[in-house]
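In what follows, chains carry the letters A, B, and so on, assigned in the order in which the sequence lines appear, proteins first and then strands, with residues in each chain numbered from 1. Bear in mind that the values here come from a model prediction, so they are computed numbers and not experimental data.
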Protein chains: 4
Amino acid sequence: MSQTVTKGQVVGEFRCRAIREAAMRVVGRKGLANATVQEIANEAGVAKGTVYLYFRSREEIIEKTTQIAVDDLLDRTLEAIKAGGLVRDVLERVLTTQIGYFDEHQDFFRLYFAMVDGSEESRRRRLANRRRHVAQLVTMLEAASKSGEIRAADPERVAIAIAGAVREVIFRRIDGKSTHAPADEVRFLTDLFCDGLCVRRGRR
Amino acid sequence: MSQTVTKGQVVGEFRCRAIREAAMRVVGRKGLANATVQEIANEAGVAKGTVYLYFRSREEIIEKTTQIAVDDLLDRTLEAIKAGGLVRDVLERVLTTQIGYFDEHQDFFRLYFAMVDGSEESRRRRLANRRRHVAQLVTMLEAASKSGEIRAADPERVAIAIAGAVREVIFRRIDGKSTHAPADEVRFLTDLFCDGLCVRRGRR
Amino acid sequence: MSQTVTKGQVVGEFRCRAIREAAMRVVGRKGLANATVQEIANEAGVAKGTVYLYFRSREEIIEKTTQIAVDDLLDRTLEAIKAGGLVRDVLERVLTTQIGYFDEHQDFFRLYFAMVDGSEESRRRRLANRRRHVAQLVTMLEAASKSGEIRAADPERVAIAIAGAVREVIFRRIDGKSTHAPADEVRFLTDLFCDGLCVRRGRR
Amino acid sequence: MSQTVTKGQVVGEFRCRAIREAAMRVVGRKGLANATVQEIANEAGVAKGTVYLYFRSREEIIEKTTQIAVDDLLDRTLEAIKAGGLVRDVLERVLTTQIGYFDEHQDFFRLYFAMVDGSEESRRRRLANRRRHVAQLVTMLEAASKSGEIRAADPERVAIAIAGAVREVIFRRIDGKSTHAPADEVRFLTDLFCDGLCVRRGRR
DNA sequence: TATGAATGAGAATTCATTCAT
DNA sequence: GATGAATGAATTCTCATTCAT
C-alpha cells in the first residue's frame with residue numbers, strides 16, 4: 001500500500017468525471033432546466049441510480065460540474081496573468097484565454113450563463129466565483145498600477161467592468177451566433193479598455 | 001361616449017398589471033424556475049384560474065412581464081440618449097437611467113438576468129431586446145463619432161462592451177449587495193469607457 | 001289573463017331552445033366530451049351565467065337536448081307506425097323516418113351515439129329511451145303478428161335486432177361517411193328482416 | 001440462453017397487463033370519460049407515476065386496452081368462421097362467440113360502446129375495428145353465397161346489419177341487465193337473419 | 001457497487017359553477 | 001333577468017429520489 005488512493009477512489013473519480021461531462025453535454029443540448037437526471041445518466045452510460053452513488057442530488061451534479069469548469073477557466077486565466085508583462089499584453093492573454101475557453105467548450109456556456117436560479121447555496125457559490133474572477137483581474141490591475149502603466153482607479157470596479165464586457169461578448173458569440181475572429185474581439189476589447197473612446201481625455 | 005374604453009377593459013388591464021407585478025415579485029424572491037403559477041396567483045391575491053383569464057400560459061406571464069419592463073427600461077434609455085449633448089454626458093445619463101432603474105425595480109433583475117433557458121420564441125425575444133439595447137447605444141456612439149468626439153471604432157462592439165459592463169455592475173449591486181452610490185458607479189464607468197486605463201495610449 | 005303562459009315563460013322557453021340548439025351544434029362539432037358550457041353559451045349568443053338560469057348544470061343541458069331530440073325522433077317513428085298497412089310498408093316508413101332524421105340532424109348523431117358515460121340518472125334515461133323505441137317496434141310487430149303477416153317470434157327480440165341494425169347503418173352513414181341513397185338502405189333492411197337470407201328456410 | 005426474453009420484459013408485460021386490466025375495470029365501473037389515471041393506478045395497485053413507465057399517456061392506456069380486447073374478440077370470431085360449415089351453423093358459432101365474450105368480459109362493454117369522442121387517431125382505429133369485424137362477416141357471407149345457401153345480397157350491408165343487431169343485443173344483456181340464456185339469443189338471431197319474419201316472402 | 005422500477009409530490013392547465021353588479 | 005369575472009377542484013403528466021435485488 002505505497003499509495004493512498006485505492007482502486008475504488010480511482011473508479012469513483014472516473015465515474016464522477018463521466019457524469020459531469022455528460023451533464024455538461026446534456027445542459028449544452030437542452031438547457032439547464034430541461035436537463036434531467038435520466039438523460040444525464042444515459043449520456044454517461046450509467047443507470048440513473050448510479051448517479052446518486054456519486055452525487056447527492058441533481059443540484060450537486062450541476063454545482064460540481066459548473067464548479068470544476070469554472071475552476072478550470074479561472075486556472076487558465078491565472079496562468080495568463082502570472083506570466084506577466086505589459087498590462088495590455090496580459091489583458092490580451094486573459095481575454096484570449098477566456099474567449100477561447102468558451103469557443104472550445106460551447107456546452108459550458110449554457111451552464112455558465114444559467115446562473116440566476118437555484119438554492120441560496122448555489123447563489124453563494126456563483127457570487128464567490130465572480131469574486132474570484134474579479135480578484136484575478138484586480139491582481140493584474142494592481143501590478144500595472146504599481147508599475148505606473150495605468151492611472152489610479154478603483155481596480156475592483158475596473159475588473160467588474162472588464163468581466164462584464166467579456167461576458168457579454170462571449171454571450172453574443174455563442175447565443176447570437178456571431179462569428180468574429182477571436183483575435184479581433186480580443187484586440188478590440190483590449191484597446192477599448194486601455195485607451196478609451198474619447199479623442200480628448202478628461203472631463204471638460 | 002366620451003371614452004372608448006369599457007369598464008371591463010380597465011379592470012382587465014388592472015388585473016393584468018397586478019398579475020405581472022406579482023410575477024415580478026415572485027421571480028424576484030424565488031427565481032424564474034421556481035416561480036409557480038400558484039404562487040404568482042397568491043401573490044396577486046387571485047385564484048389560480050383567474051390568472052388564466054388574463055394570460056394564456058405561464059410562459060406568457062413571464063414573457064409579458066419581462067417585455068413590459070424591458071420596454072420601459074429601453075424607453076427611458078432612449079430618452080436619455082435623445083436629449084443629446086457631449087457623449088460623456090449622454091453616457092452618464094444613460095448609465096444613471098439604467099442603474100437607477102434596477103435600483104428601483106430590484107425584483108426585475110432576476111427576470112432580466114435569467115436569460116438562457118426557455119422556448120425558442122422567448123430566446124428570440126431576449127436576443128431582440130439585447131439588440132435593441134445595443135442599437136440605442138450605437139446611435140449614441142455614431143453621433144459622437146460624427147462630431148469627432150470619439151475615435152473610430154466598431155460602434156456595435158463598443159456598445160456590447162458597455163452593455164456588458166453595465167449589466168455586471170448592476171448584477172453586483174443587487175445580487176452582490178454592494179452599496180456604492182449610483183452616481184459613483186456612473187461616473188466611474190463613464191470615465192473608464194471615455195478615457196481608458198492606460199497612462200500612455202496606443203500599442204507600443 | 002285568458003292565457004296561462006306569461007311572457008316570462010315564453011322568453012324562457014325561447015332561451016331554452018336556443019341553448020339546446022346551440023348545445024347540439026357544439027356537440028356535433030366538437031364531440032360531447034369537448035363541448036364546454038362556455039362554447040355552448042357563445043353559440044347560443046348568451047353569457048355563460050345565463051345558461052345556468054335555464055339549466056341546473058351542464059349535464060342537464062345535455063340531457064334535455066338529447067331528450068327532446070329523441071322524443072322528436074320517436075314521435076315521428078310513432079306516426080310512421082300508426083299510419084298502418086302491411087308490415088313491410090310500415091317498416092319501410094319507420095326506417096325512412098329514422099335514417100332521414102339523422103341525415104337531417106347530423107349534429108344529433110354525436111349526442112345519440114355518445115351514450116355510454118354519464119351519471120346513473122342519465123343511464124336510466126338512456127335505457128328508457130331505448131325501451132320506448134323498442135316498444136314502438138313491438139307494437140308494429142304485434143299488429144303484423146295478429147294479422148298473420150309474420151310468423152310468431154318474440155317481438156321484443158325482433159325489435160331489438162332491428163333497432164340495432166338501424167343504429168349501425170346510421171352510424172356508418174355518418175361516422176363512416178358512406179353515401180348510399182337512403183331509399184336503398186331502407187329497402188335493403190326491409191327485405192333482409194322480412195325475407196331473411198337463406199334460400200331454404202328452416203333448420204335442416 | 002435458452003430464452004430471449006429478459007426478466008425485465010416479463011415483468012414489464014405483467015405490469016402492462018395489470019394496468020390494462022385495471023383500466024378495463026375502472027372504465028367498466030365509471031365509464032370512459034370518468035376513468036382517471038389516478039384511479040386506474042390505484043386499481044392496478046401501483047403509483048400514478050408507474051403507469052407512465054408503461055404507457056405514454058392516458059389515451060395510450062385506453063387505446064391499448066381496447067385494442068387488445070378487440071383483437072382478442074375478433075380472433076375468436078375468426079376461428080368461429082374458419083371452422084366452416086352451413087352458414088346457419090357458422091353464424092350460430094359467431095354469435096355464440098361474441099355474446100359469450102361480453103358475458104365473460106362485462107367491463108369491456110363500456111370501452112367497446114364508448115365510441116364517439118376521442119382523438120382523430122382513436123376514431124380512425126375505432127372505424128378500422130368495425131371494418132375488420134364487418135370484413136369477417138363478409139367472408140362468411142360470401143362463402144355461403146358461393147355455395148348457393150343464401151340469396152344474393154350486398155354482403156357488406158348484411159354484415160353491418162348483423163353486427164348492429166348483435167351489438168344491440170349485447171348492450172341490452174349488459175346495460176339493460178337482461179338475463180336470457182345466451183344460446184336463446186343466438187338461436188333467435190340466427191333464425192331471424194336466415195329466415196326473416198314474413199310468412200310469405202317477397203314484395204307483393 | 002450497479003441497476004432501473006417504483007414512487008408521489010408538484011406543476012400547468014381546464015372548466016363547471018357561483019355570485020356581485 | 002343577464003352578465004362574465006372569479007373560483008378552485010380535478011386532471012394529466014414529469015421527474016428527482018429511493019430502494020430491493
Side-chain angles (χ1 to χ4, degrees), chain A residues 7-8 11-12 15 33-42 44-62, chain B residues 6-9 11-12 14-15 33-42 44-62, chain C residues 7-8 11-12 15 33-42 44-62, chain D residues 6-8 11-12 14-15 33-42 44-61:
Chain A
K7 201 180 105 201
V11 172
R15 279 268 193 272
N34 304 309
T36 67
V37 173
Q38 179 66 70
E39 191 166 356
I40 292 169
N42 292 348
V46 299
K48 187 156 49 157
T50 305
V51 169
Y52 284 87
L53 294 176
Y54 298 98
F55 296 90
R56 260 193 294 280
S57 67
R58 177 185 185 277
E59 177 156 351
E60 191 180 284
I61 303 170
I62 299 303
Chain B
T6 69
K7 207 181 91 196
Q9 284 174 316
V11 172
F14 177 79
R15 278 270 189 274
N34 305 310
T36 68
V37 173
Q38 180 65 72
E39 191 166 356
I40 292 170
N42 292 349
V46 299
K48 192 159 36 137
T50 304
V51 168
Y52 285 90
L53 294 177
Y54 297 97
F55 297 89
R56 265 192 289 279
S57 64
R58 176 187 185 277
E59 178 158 348
E60 192 180 284
I61 302 170
I62 299 302
Chain C
K7 202 180 105 200
V11 172
R15 279 267 195 271
N34 304 310
T36 65
V37 173
Q38 179 66 71
E39 191 166 355
I40 293 170
N42 291 349
V46 300
K48 187 156 47 157
T50 305
V51 169
Y52 284 87
L53 294 176
Y54 297 98
F55 297 89
R56 260 192 296 280
S57 66
R58 177 186 185 277
E59 178 157 350
E60 191 179 284
I61 302 170
I62 299 302
Chain D
T6 69
K7 208 182 89 195
V11 172
F14 177 80
R15 279 269 189 275
N34 306 309
T36 69
V37 174
Q38 180 66 72
E39 190 165 357
I40 293 170
N42 292 348
V46 299
K48 191 164 32 141
T50 304
V51 168
Y52 285 92
L53 293 177
Y54 297 98
F55 297 89
R56 265 193 289 280
S57 64
R58 176 187 185 278
E59 177 157 348
E60 192 180 284
I61 303 170

Which value, rounded to the nearest 0.5 Å, describes the distance between [X] atom [atom1] and [Y] atom [atom2]?
{"X": "B/Phe55", "Y": "B/Thr50", "atom1": "CZ", "atom2": "OG1", "answer": "12.0 Å"}
{"X": "C/Lys48", "Y": "C/Thr36", "atom1": "NZ", "atom2": "OG1", "answer": "7.5 Å"}
{"X": "A/Leu53", "Y": "A/Arg15", "atom1": "CG", "atom2": "CZ", "answer": "9.0 Å"}

Within this structure, what is the [atom1]-to-[atom2] distance between [X] and [N], rounded to whole angstrom?
{"X": "B/Ile40", "N": "E/dA11", "atom1": "CD1", "atom2": "C1'", "result": "12 Å"}
{"X": "D/Gln38", "N": "F/dT12", "atom1": "CD", "atom2": "C1'", "result": "11 Å"}
{"X": "B/Asn34", "N": "E/dA11", "atom1": "CG", "atom2": "C1'", "result": "12 Å"}
{"X": "C/Leu53", "N": "F/dG4", "atom1": "CG", "atom2": "C1'", "result": "12 Å"}
{"X": "B/Asn42", "N": "F/dG8", "atom1": "CG", "atom2": "C1'", "result": "12 Å"}
{"X": "A/Ile61", "N": "F/dC15", "atom1": "CD1", "atom2": "P", "result": "14 Å"}
{"X": "D/Tyr52", "N": "E/dG10", "atom1": "OH", "atom2": "P", "result": "18 Å"}

Taking 4.0 Å as the cut-off, does a side-chain nitrogen or oxygen of [X] come that near to OP1 or OP2 on [N]?
{"X": "C/Arg15", "N": "F/dG1", "value": "no"}
{"X": "D/Thr50", "N": "E/dA5", "value": "no"}
{"X": "C/Tyr54", "N": "F/dG1", "value": "yes"}

Minimum-distance nucleotide (side-chain atoms of [X] versus [options]):
{"X": "C/Val46", "options": "E/dG8, F/dG1, F/dT3", "value": "F/dT3"}
{"X": "C/Thr36", "options": "E/dA5, E/dC15, F/dT11", "value": "E/dC15"}
{"X": "D/Val37", "options": "F/dT17, F/dT12, F/dT3", "value": "F/dT12"}
{"X": "A/Ala47", "options": "E/dT3, F/dT17, E/dA6", "value": "E/dT3"}
{"X": "D/Arg58", "options": "E/dA16, F/dT12, F/dT17", "value": "F/dT12"}
{"X": "D/Lys48", "options": "E/dA9, F/dT7, F/dT17", "value": "E/dA9"}

When all nucleic acid strands are considered with a 4.0 Å heavy-atom cut-off, which category describes [X]: base, sugar-phosphate, or nothing?
{"X": "A/Arg56", "answer": "nothing"}
{"X": "D/Phe55", "answer": "nothing"}
{"X": "D/Phe14", "answer": "nothing"}

- [ ] Considering non-hydrogen atoms only, spot the tightest contact between A/Tyr52 and A/Arg58 and give its length.
- [x]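 For A/Tyr52 versus A/Arg58, the nearest heavy atoms are OH-N, 4.3 Å.
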Task: Counter-base of F/dA20, judged by Watson-Crick or G-U geometry with both distances under 3.5 Å - done: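 Paired with E/dT3.
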Task: Nucleotide opposite F/dT14 in a Watson-Crick or G-U pair, distances under 3.5 Å - done: E/dA9
Task: 5'-most by nearest nucleotide on DNA chain F - A/Ala33 or C/Gly12 - done: C/Gly12
- [ ] Assign each of D/Gly49 and C/Glu59 to its nearest nucleotide of DNA chain E by heavy atoms, then name whichever residue's nucleotide is nearer the 5' end.
- [x]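 Looking at the nearest nucleotide for each, D/Gly49 comes out on the 5' side.
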Open item on the list: Tell me whether D/Glu39 contacts the main-chain N or O of D/Ala35 through its side chain, where contact means a donor paired with an acceptor under 3.5 Å.
Closed with: no
